[in-house]
Amino acid sequence: VVAIAAGDNHTVYAKNDGSIWACGINDVGQLGDGTFTRKSSPVMISNNVSIAAAGDGRTIFQKSDGTLWTAGNNIFYRLGDGTNASKSSPVQIGTVDGITQIATGDYHTLYLTKDGTLWGFGYNGDYELGLNEYSVYANPEKLMTGIAQVAAGSYCSLIVKTDGSLWAVGENWSGQLGDGTNTDVTSWSKIMDDVAKGDAGYYHSLVLKKDGSLWAAGQNWFGSLGNGTTESSAVFVKVMDGVVDVAANGYTSMAIKSDGSLWGWGPNWGGMLNTGDYSNQISHVKITDGVASVSTNDSYVLITKTVSYR
């Protein structure tokens with residue numbers, strides 16, 4: 001396995017032979033296997049795949065020939081195929097030169113190409129595409145250039161530009177954009193500098209700075225910020241140091257530290273924080289060691305582990 005992605009109720013992973021596999025709930029065709037039947041074991045969806053992602057009720061992937069494919073629920077045109085009809089088999093929505101990242105919100109999708117161009121499609125009712133108009137986009141739209149990293153919350157978006165500056169747009173009622181307000185942002189707004197990566201869940205955001213420090217903002221009812229309180233914050237608060245990667249989804253937060261240890265906080269409804277119970281965690285707790293990558297939702301966590309060859 002070379003890549004993993006946790007949707008709301010389904011899992012997608014890619015193997016080193018280029019095949020992608022999926023399992024879980026399939027009520028809207030999100031597994032892309034041509035059926036609406038849930039799968040308790042992984043089924044192969046396609047091959048020759050270079051990158052894949054799982055979102056709320058949908059799957060998106062690019063093949064090595066540059067073609068971009070989506071399957072699943074198509075409410076608000078979030079499959080990007082020009083229709084609002086759901087698809088149980090993958091449908092091609094275009095050909096793109098080298099997608100490096102894909103980010104999915106509840107109803108919108110963003111992807112970044114190797115030349116630093118950001119594209120998006122789907123719902124813009126909370127301005128999450130940064131297009132400054134209340135609308136939906138049934139096909140991919142070019143949004144901007146000069147982008148190094150992209151993330152999508154439920155109804156907001158974060159980008160890191162090539163100069164390390166963090167920009168945000170969209171819903172902000174919980175202060176998840178970290179701009180010091182609870183006012184929705186209708187066009188891209190600069191938040192801070194020296195950022196390596198951002199990620200976002202339902203109503204909170206995580207920011208990893210270049211110095212390895214992790215910061216969080218937004219709703220904190222379930223401990224999503226990991227700062228030892230349940231008080232929400234409209235500005236970014238420091239969580240921990242020594243971090244090399246982060247993941248947020250739903251109300252849950254995860255961080256991989258430089259020693260390969262995985263830490264998590266927030267709701268523990270599925271027991272995925274490995275504490276031996278189901279109690280929420282308002283401070284970061286160690287989950288396991290030897291972790292290379294992580295993807296999460298509010299019910300389970302997926303990881304790939306490092307392998308040592310002697």
Side-chain angles (χ1 to χ4, degrees), residues 1 4-13 23-25 38 40 53-57 103-106 151-156 173-176 178 197-208 213-233 236-306:
V1 175
I4 50 176
D8 276 14
N9 296 294
H10 76 295
T11 296
V12 174
Y13 67 88
C23 58
I25 300 297
R38 70 175 61 192
S40 59
D56 177 23
T104 59
D106 274 18
S154 286
Y155 309 105
C156 69
W173 73 272
S174 293
Q176 60 263 49
K197 181 179 180 178
D199 206 356
Y202 287 152
Y203 306 114
H204 77 291
S205 298
L206 303 177
V207 168
L208 173 60
S213 61
L214 177 61
W215 301 70
Q219 189 188 96
N220 201 24
W221 296 350
F222 303 103
S224 305
L225 303 190
N227 65 338
T229 77
T230 55
E231 182 178 349
S232 301
S233 177
F236 281 97
V237 295
K238 189 174 181 179
V239 181
M240 62 196 309
D241 288 305
V243 177
V244 296
D245 201 6
V246 297
N249 193 355
Y251 300 104
T252 303
S253 302
M254 297 278 167
I256 301 174
K257 300 194 77 172
S258 55
D259 62 0
S261 58
L262 177 68
W263 299 71
W265 56 95
N268 195 22
W269 301 324
M272 70 277 200
L273 298 183
N274 201 29
T275 58
D277 59 23
Y278 299 98
S279 59
N280 298 340
Q281 299 295 315
I282 63 175
S283 297
H284 41 277
V285 295
K286 185 176 178 180
I287 298 174
T288 188
D289 289 304
V291 175
S293 66
V294 60
S295 183
T296 189
N297 59 26
D298 281 339
S299 300
Y300 59 90
V301 56
L302 304 172
I303 61 172
T304 60
K305 302 202 77 173
T306 55

Donor-acceptor contact below 3.5 Å, side chain [X] vs main chain [Y]:
X      : Y      : value
Asn297 : Gly7   : yes
Ser224 : Tyr251 : yes
Asn268 : Asn280 : no
Gln176 : Ser174 : yes
Ser232 : Asn220 : yes
Lys197 : Val246 : yes
Thr296 : Tyr300 : yes

Does the side chain of [X] reach to within under 4.5 Å of the side chain of [Y], using non-hydrogen atoms?
X      : Y      : value
Gln219 : Leu225 : no
Gln281 : Phe222 : no
Ser258 : Val243 : no
Leu214 : Leu206 : yes
Ile256 : Val294 : yes

Can you tell me if [X] and [Y] form a side-chain donor-acceptor pair at under 3.5 Å?
X      : Y      : answer
Thr252 : Asp298 : yes
Thr304 : Tyr13  : no
Ser253 : His204 : yes

Testing the basics here: between [X] and [Y], what is the closest heavy-atom pair and its distance to 0.1 Å?
X      : Y      : result
Phe236 : Ser205 : CE2-O, 3.8 Å
Ala200 : Ala151 : N-CB, 4.5 Å
Ala6   : Ser295 : N-OG, 2.9 Å
Ala152 : Gly105 : CB-N, 3.5 Å
Lys238 : Trp215 : N-CE3, 3.3 Å
Val239 : Gly226 : CG1-O, 3.6 Å

Run the numbers on Val291 and Thr306 for side chain to side chain contact (heavy atoms under 4.5 Å, CB included), then give the verdict.
-> CA-CA 6 Å; Val291 175; Thr306 55; over 6 Å; no
When rounded to the nearest 0.5 angstrom, what distance separates [atom1] in [X] from [atom2] in [Y]?
X      : Y      : atom1 : atom2 : answer
Asn249 : Asp199 : CG    : CG    : 8.0 Å
Asp259 : Asp289 : CG    : CG    : 6.5 Å
Trp265 : Leu273 : CH2   : CG    : 10.0 Å
Met272 : Met254 : CE    : CE    : 5.5 Å
Asp56  : Asp106 : CG    : CG    : 5.0 Å
Met240 : Ser283 : CE    : OG    : 10.5 Å

Flag yes if more than 12 heavy atoms outside Trp221 fall under 6.0 Å of its CH2 atom; otherwise flag no.
-> no
Going through the distances and angles, do Tyr203 and Trp173 end up as a side chain to side chain contact (heavy atoms under 4.5 Å, CB included)?
-> CA-CA 8 Å; Tyr203 306 114; Trp173 73 272; 3.2 Å; yes
Stepwise, does the side chain to side chain contact (heavy atoms under 4.5 Å, CB included) test hold for Ser293 with Ile4?
-> CA-CA 8 Å; Ser293 66; Ile4 50 176; 4.0 Å; yes
